[in-house]
There are 2 protein chains.
Amino acid sequence: MTAPSFPISEIVASRRPHRKDAARNYDALLAAAREAFAEHGAEASLEDIARRAGVGIGTLYRNFPTRRHLFESVYADEVNTLVRVAQEVAEQEPWEALTAWLDRFAGYMVTKRAVREALNDESEIFTACRDSMYAAGGPLFARAQEAGQVRRDMDFVDLLRMVSGITATAFDDDAQRDRVLSIALDGVRVSH
Amino acid sequence: MTAPSFPISEIVASRRPHRKDAARNYDALLAAAREAFAEHGAEASLEDIARRAGVGIGTLYRNFPTRRHLFESVYADEVNTLVRVAQEVAEQEPWEALTAWLDRFAGYMVTKRAVREALNDESEIFTACRDSMYAAGGPLFARAQEAGQVRRDMDFVDLLRMVSGITATAFDDDAQRDRVLSIALDGVRVSH
DNA sequence: GTTGAAGCGGAGGGTTGCCTCCGCTAGAGT
DNA sequence: ACTCTAGCGGAGGCAACCCTCCGCTTCAAC
């Protein structure tokens with residue numbers, strides 16, 4: 001949990017191709033997949049993803065032989081971003097750093113809820129990415145806890161579950177979501 | 001919000017048929033649908049539901065002409081139960097009554113998340129049921145708020161969103177879910 | 001018991017999505 | 001410029017699902 005964060009780009013199964021046109025298609029497919037998964041969930045149609053990316057279905061299958069490959073690639077990409085953000089907020093005050101990171105975490109979780117739903121712990125990539133994310137956010141949590149700002153009878157995973165659960169729900173508007181999230185975080189914070 | 005709760009059985013679109021075999025099939029279909037929706041979400045296959053119920057696909061369509069009819073019937077059934085529970089807990093202390101009701105609310109929300117997801121506010125049945133549920137739980141919330149046990153800067157809907165969001169998430173075990181939920185509720189309760 | 005209508009099941013036609021295969025295209029190295 | 005191979009797209013076979021339609025079955029009223 002307190003291990004240093006590490007990049008995971010290298011363990012991603014499907015690699016970006018070298019040729020120029022192929023690389024362009026690869027990127028378009030990944031972007032289309034992220035979009036489609038966010039919109040339709042894990043069941044999004046692969047043919048639709050290929051259509052969105054403006055490539056043939058064959059090209060999709062060449063780059064990502066299975067639906068799982070697509071999930072894993074999108075997921076790995078998101079996690080990399082989350083790791084980077086953890087480094088960026090590291091110099092803020094403990095509680096502020098934690099909530100700032102959670103804010104980003106929430107945003108990315110909304111997008112990739114579909115991916116997580118499909119990648120049951122079976123996947124090596126998934127567990128590696130998850131470990132990497134824990135390694136990035138865990139220290140922020142531990143620091144806030146040691147600073148006496150977070151209650152001791154909960155752990156980092158509890159907090160992530162809480163935040164992702166709340167942010168995954170449909171709200172009337174952003175204000176309501178923020179309000180509810182901050183109320184729940186009041187339960188997390190030690191009343192000073 | 002403070003209007004008395006009312007039964008909604010009568011406004012359900014599709015009625016239970018009179019003939020013995022038909023009634024049995026109707027019940028079997030509803031049970032199978034609830035199960036299938038809980039398991040596979042709103043996209044559950046209707047042919048699979050008919051299979052589970054042990055009836056032909058034609059029988060399903062006769063009782064529930066559209067997928068929406070099925071959703072509405074399952075949903076109405078759940079809400080009726082929730083209204084009944086609200087009456088049962090009414091005599092407990094404000095905070096205890098509220099959390100006891102929320103506990104049931106959470107249980108039923110897990111099952112019918114799929115139904116809510118599919119029944120966008122368009123449906124008359126849906127809005128009627130939702131109103132009925134608010135009318136049942138709202139007074140419990142108001143009472144706890146007036147007793148000074150619930151913070152004033154949130155409303156009943158905020159609370160329902162919070163609870164349903166958290167309980168809809170996958171947890172490692174029931175203990176973790178209860179722990180996280182109670183932490184979030186600590187944010188809701190006014191520190192005495 | 002008879003009877004007629006309410007109810008039944010599933011065949012079948014259409015749609016959509018999954019994945020493979022292969023003849024064509026165009027980028028990259030010489 | 002030439003080549004040759006990595007890469008391309010989509011036709012096509014298969015499966016699942018949606019929903020309709022209709023001949024057969026079974027309940028229940030008399």
Side-chain angles (χ1 to χ4, degrees), chain A residues 12-74 114-115 117-120 123, chain B residues 12-74 114-115 117-120 123:
Chain A
V12 175
S14 57
R15 271 223 312 286
R16 197 162 175 275
H18 295 78
R19 240 173 70 169
K20 204 201 295 183
D21 55 346
R24 201 176 338 125
N25 286 338
Y26 178 92
D27 293 342
L29 278 168
L30 225 93
R34 178 172 16 250
E35 203 179 304
F37 288 148
E39 196 166 322
H40 299 298
E43 311 285 272
S45 152
L46 297 187
E47 296 199 324
D48 178 52
I49 290 174
R51 263 192 304 269
R52 285 181 198 234
V55 306
I57 184 68
T59 300
L60 183 148
Y61 277 98
R62 197 169 328 97
N63 281 287
F64 309 98
T66 70
R67 181 181 290 268
R68 171 170 300 271
H69 280 85
L70 212 38
F71 284 142
E72 290 181 342
S73 299
V74 171
V115 178
E117 155 193 337
L119 254 48
N120 309 344
S123 160
Chain B
V12 175
S14 58
R15 273 224 311 286
R16 197 162 175 274
H18 295 76
R19 240 174 71 171
K20 203 198 298 181
D21 55 347
R24 200 173 341 122
N25 284 339
Y26 179 91
D27 294 342
L29 279 168
L30 255 183
R34 176 169 20 247
E35 202 179 305
F37 289 148
E39 196 166 322
H40 299 297
E43 311 285 271
S45 152
L46 298 186
E47 296 200 323
D48 178 52
I49 290 174
R51 262 191 305 270
R52 285 181 197 234
V55 306
I57 185 69
T59 300
L60 184 150
Y61 276 99
R62 198 172 325 99
N63 281 286
F64 309 98
T66 70
R67 183 182 286 268
R68 171 171 299 272
H69 281 84
L70 212 38
F71 284 143
E72 291 181 341
S73 300
V74 171
V115 178
E117 153 193 339
L119 254 47
N120 309 343
S123 160

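Below, chains carry the letters A, B, ... as their sequence lines are ordered, and counting in each starts from 1.
Distance, A:Ile57 CD1 to D:dG13 P: 17 Å, rounded to whole Å. The CG atom of B:Leu46 sits 11 Å away from the P atom of D:dT20 (whole-angstrom rounding). Atom CG in B:Leu70 sits about 15 Å away from atom P in D:dC17, given to the nearest Å. Distance B:Tyr61 OH to D:dC17 P: 11 Å, rounded to the nearest Å. In this structure, the CZ atom of B:Arg24 is 14 Å from the C1' atom of D:dT25, given to the nearest Å. Summarising the geometry, the separation between CG on B:Leu60 and C1' on D:dT20 is reported as 14 Å, rounded to the nearest angstrom. Distance B:Glu43 CD to D:dC17 P: 12 Å, rounded to the nearest Å. Counting to the nearest Å, the P atom of D:dT25 and the CZ atom of B:Arg62 are 15 Å from each other.
Annotation for B:Glu43: atom CD does not count as buried by contact number, only 12 or fewer foreign heavy atoms lying within 6.0 Å.
Protein chain B touches strand DNA chain C; the 5'-most and 3'-most nucleotides with an atom under 4.0 angstrom of its non-hydrogen atoms are C:dA6 to C:dA11.
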After noting the C-alpha distance and the side-chain angles of B:Ile49 and B:Phe37, does the key distance pass the side-chain contact (heavy atoms from CB on, under 4.5 Å) rule?
CA-CA 9 Å; B:Ile49 290 174; B:Phe37 289 148; 4.2 Å; yes
What do the steps show when you test A:Phe64 against A:Leu46 for side-chain contact (heavy atoms from CB on, under 4.5 Å), and what is the final call?
CA-CA 10 Å; A:Phe64 309 98; A:Leu46 297 187; over 6 Å; no
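In this structure, A:Arg67 contributes its side chain and A:Ala44 its backbone to a donor-acceptor pair below 3.5 Å.
As judged by a 4.0 angstrom heavy-atom cut-off over every strand, B:Asn25 is placed among residues touching the sugar-phosphate backbone only.
The shortest heavy-atom contact between B:Gly56 and B:Ala50 is O-CB, 4.0 Å. Across all non-hydrogen atoms, the minimal contact from B:Phe71 to B:Ala42 is CZ-O, 3.5 Å.
The side-chain heavy atoms of A:Asp27 and A:Arg16, taken from C-beta on, include a pair separated by under 4.5 Å.
The phosphate of D:dA16 has neither OP1 nor OP2 within less than 4.0 Å of any side-chain N or O from B:Ser45.
The nearest heavy atom of DNA chain D to A:Glu47 and to B:Ala44 marks one nucleotide each, and the one closer to the 5' end goes with A:Glu47. Between B:Val55 and B:Arg19, the one whose closest nucleotide on DNA chain C sits nearer the 5' end is B:Arg19.
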